[in-house]
2 protein chains.
Amino acid sequence: MANIRDLAKEAGVSVATVSRVLNGYPYVSEEKRKAVWEAVEKLNYTKNIQAVHLAKGKTRIVGVMLPYIHHPYFSAVIEGISKEALRCGYQLLLFQTNYEVKRELEALERLRMKQMDGLIVCSHEADWEVFAVYREDGPIVLCERAVGHDFFTVYIDHYQAFAQALRYLLDKGHRRIGYCIGRTTGPNSQARAAAYRDVLGSVGVIPQPQWIFDGCLFLEDGKRVIERWMDMKERPSALLVTSDQVAAGIVLHAQRVGVHIPEELAVIGFDNDPLAEMLGMTTVALPHFALGEKAFRLLHHWLETGNVPRTQEELPARLIVRMTG
Amino acid sequence: MANIRDLAKEAGVSVATVSRVLNGYPYVSEEKRKAVWEAVEKLNYTKNIQAVHLAKGKTRIVGVMLPYIHHPYFSAVIEGISKEALRCGYQLLLFQTNYEVKRELEALERLRMKQMDGLIVCSHEADWEVFAVYREDGPIVLCERAVGHDFFTVYIDHYQAFAQALRYLLDKGHRRIGYCIGRTTGPNSQARAAAYRDVLGSVGVIPQPQWIFDGCLFLEDGKRVIERWMDMKERPSALLVTSDQVAAGIVLHAQRVGVHIPEELAVIGFDNDPLAEMLGMTTVALPHFALGEKAFRLLHHWLETGNVPRTQEELPARLIVRMTG
DNA sequence: TTGTAGGCGTTATCAA
DNA sequence: TTGATAACGCCTACAA
């Protein structure tokens, strides 16, 4: 495969001139410019991007760290990132971690190795301290709140989102309120747990541990929740469900087994997935797509200007009352 | 940032020795090995992966071309690809195209530029001739059938899948059978259209153009379908819906507006999404995840052995009868 | 077991 | 306007 030196020889110019032509720099005579393009044509030349990356020390590639892709939340976030990246001429390198710390470290190491210009962390498992170590190796933007660390982040205010829904339920008279969550670790989950404690505590309700349903990620988990709920002696009268997928699973399975929603069990989902509208589900709308977009923009600005963005932007959530809660 | 030469100086050895140590080659004395690692530690060295890529002419990166990510079909395929890639130590570079030919060409150009070792095409818009031009620039594996081109592919046999469902409906006595599809171009869509013509033709049914509902990609499109269906004078009695998401939208909206399923309208979805099971939907299970896995494996084998895989593997689909059709 | 030196393909500086 | 040449950082014959 022809390289820039072959071109130079063919066109009868220097490699420097070839490079200038290829990159559209001024100060090249029309004549030589033409000769170079002809050589490009003749030798069927294409630039080797690796060499460019090495020489420039930049790649216009951004890494995206996330546990898995086949999930409505993460695929919405990526879509937002991807849309902006496309617009700005950046490429996306995927780092699927399955929430394994080892994988997260691999991604961070790749940042050190300068495989990409920056990294967007959608969700993580390792301690923030681990991430802090890599801060000097390249720009990192988070999609989660990092309390006590001055990372640059765009995040959804899950405390406020949860609190909002809880107060709504309290106002409707509910006292036995439980919730379903994907996993208990992670900043988002902890923000919710804090809101749960605080808001229920403010009205003197003592939540029961068994009112918290862990491992709720996918539609089919909703079935499990209903089954467990039916087996309980003191059932919650309302559930906050941190994913509309799971909430939909709950609502649909409840319907099937004859549990009346919201009379016997009020259900409030999160996300405002199309499914929520379709099922008439009360839900808290979360701006996932915008989260991805903004995270990329933040990183992009950082990369292009070199100015560290001292940003920690909070994206608001909005309760949408429909029929299930 | 320290480089391999700094290490050599620090450790009092040559760069070749450093490289050997770093890459775990034999024939290095324990003493020097130790000295190198100490230098690594001391200088806080990390290898620059770009330089490695350039020197080796390989990247262990695979490109994935797909129209969008936030879609159950594509995110399942990627998940399959990603899982295998992770296992084999490969990374994924995303090329979101929005079905724009221009974007597809950009991805192919990147293959030429040797940004990645190979490319998996999940779905495309450009003519196969365009892809054929780039075949010599790197291994390309397709997730769609390419009739008349000897690309290497793994694909779901959509003709068989569609035909299977159609015959089932015919057996049940349906004659006015329509279908909903994402877009009409693309090999998968054309395979379905062919099955539709052939199977209906075989029993002398002349399908009406308005029985084909285009642009059905997401849950919310199902609502539109029902609305249009209700406005029709000669309504289909059954619909094949090429996405369970859309089928779910149809079933749920039908329920809402009082259309009885399957009595007034039989619905058969595709994918076997968890939603289908939850809603008791009859559906044709499609192995999306396996498709991604196998596509990666095919490419991987090609990359590692250098042997062109003359594979064109057809993945079967399976009708799952539940309650909607 | 070790080192030297050339190569990978571009970009960028500096002098002309 | 142009060209030589030194980076960029690593790998790898080949020679010792």
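Chain A is the first sequence line, chain B the second, and so forth, proteins listed ahead of strands; every chain is numbered from 1.
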Do the side-chain N or O atoms of [X] get closer than 4.0 angstrom to the phosphate oxygens (OP1, OP2) of [N]?
| X | N | value |
| --- | --- | --- |
| B:Y45 | D:dC10 | yes |
| B:N23 | D:dC11 | yes |
| A:T17 | D:dT1 | no |
| B:Y25 | D:dT12 | yes |
| A:K58 | D:dC8 | no |
| B:K47 | D:dC11 | yes |

Just the rounded figure in Å: distance from [atom2] of [N] to [atom1] of [X].
| X | N | atom1 | atom2 | value |
| --- | --- | --- | --- | --- |
| B:N48 | D:dC11 | CG | P | 10 Å |
| B:Q50 | C:dG9 | CD | P | 16 Å |
| A:E31 | D:dT1 | CD | P | 12 Å |
| A:R5 | D:dA4 | CZ | P | 13 Å |
| A:K9 | C:dG9 | NZ | C1' | 14 Å |
| B:L22 | D:dC10 | CG | C1' | 10 Å |
| A:N3 | C:dG9 | CG | P | 5 Å |
| B:I4 | C:dG3 | CD1 | P | 13 Å |

Within the 3.5 Å criterion, strictly below it, is a donor on B:Y99 or B:S123 matched to an acceptor on the partner's side chain? yes
State, without any angle test, whether B:E313 and B:Y155 hold a side-chain donor-acceptor pair at a distance under 3.5 Å. no
Rounding to 0.5 Å, atoms CE (B:M65) and OG1 (B:T97) come to a distance of 6.5 Å
If you find the nucleotide of DNA chain D closest to A:G12 and the one closest to A:K56, which residue's nucleotide is nearer the 5' end? A:G12
N-O pairing of [X] and [Y] below 4.0 Å:
| X | Y | value |
| --- | --- | --- |
| B:E304 | B:R297 | no |
| B:E30 | B:K34 | no |
| B:K56 | B:D117 | no |

When you measure from the side chain of [X], which nucleotide among [options] comes out closest?
| X | options | value |
| --- | --- | --- |
| A:A16 | C:dT1, C:dA12, D:dC10 | C:dA12 |
| A:A55 | D:dC8, D:dC10, C:dG3 | D:dC8 |
| A:L54 | D:dC8, C:dT2, D:dT2 | D:dC8 |
| B:V28 | D:dG3, C:dT10, C:dT2 | C:dT2 |
| B:S14 | C:dG3, D:dG3, D:dC10 | C:dG3 |

Closer to the 5' end of DNA chain C via nearest nucleotide, is it A:A51 or A:R20? A:A51
Under 4.0 Å between any heavy atoms, over every strand shown, what does B:V15 touch: base, sugar-phosphate, or nothing? Just pick one. base
What is the nucleic acid contact for B:S19, judged by heavy atoms within less than 4.0 Å: base, sugar-phosphate only, or nothing? base
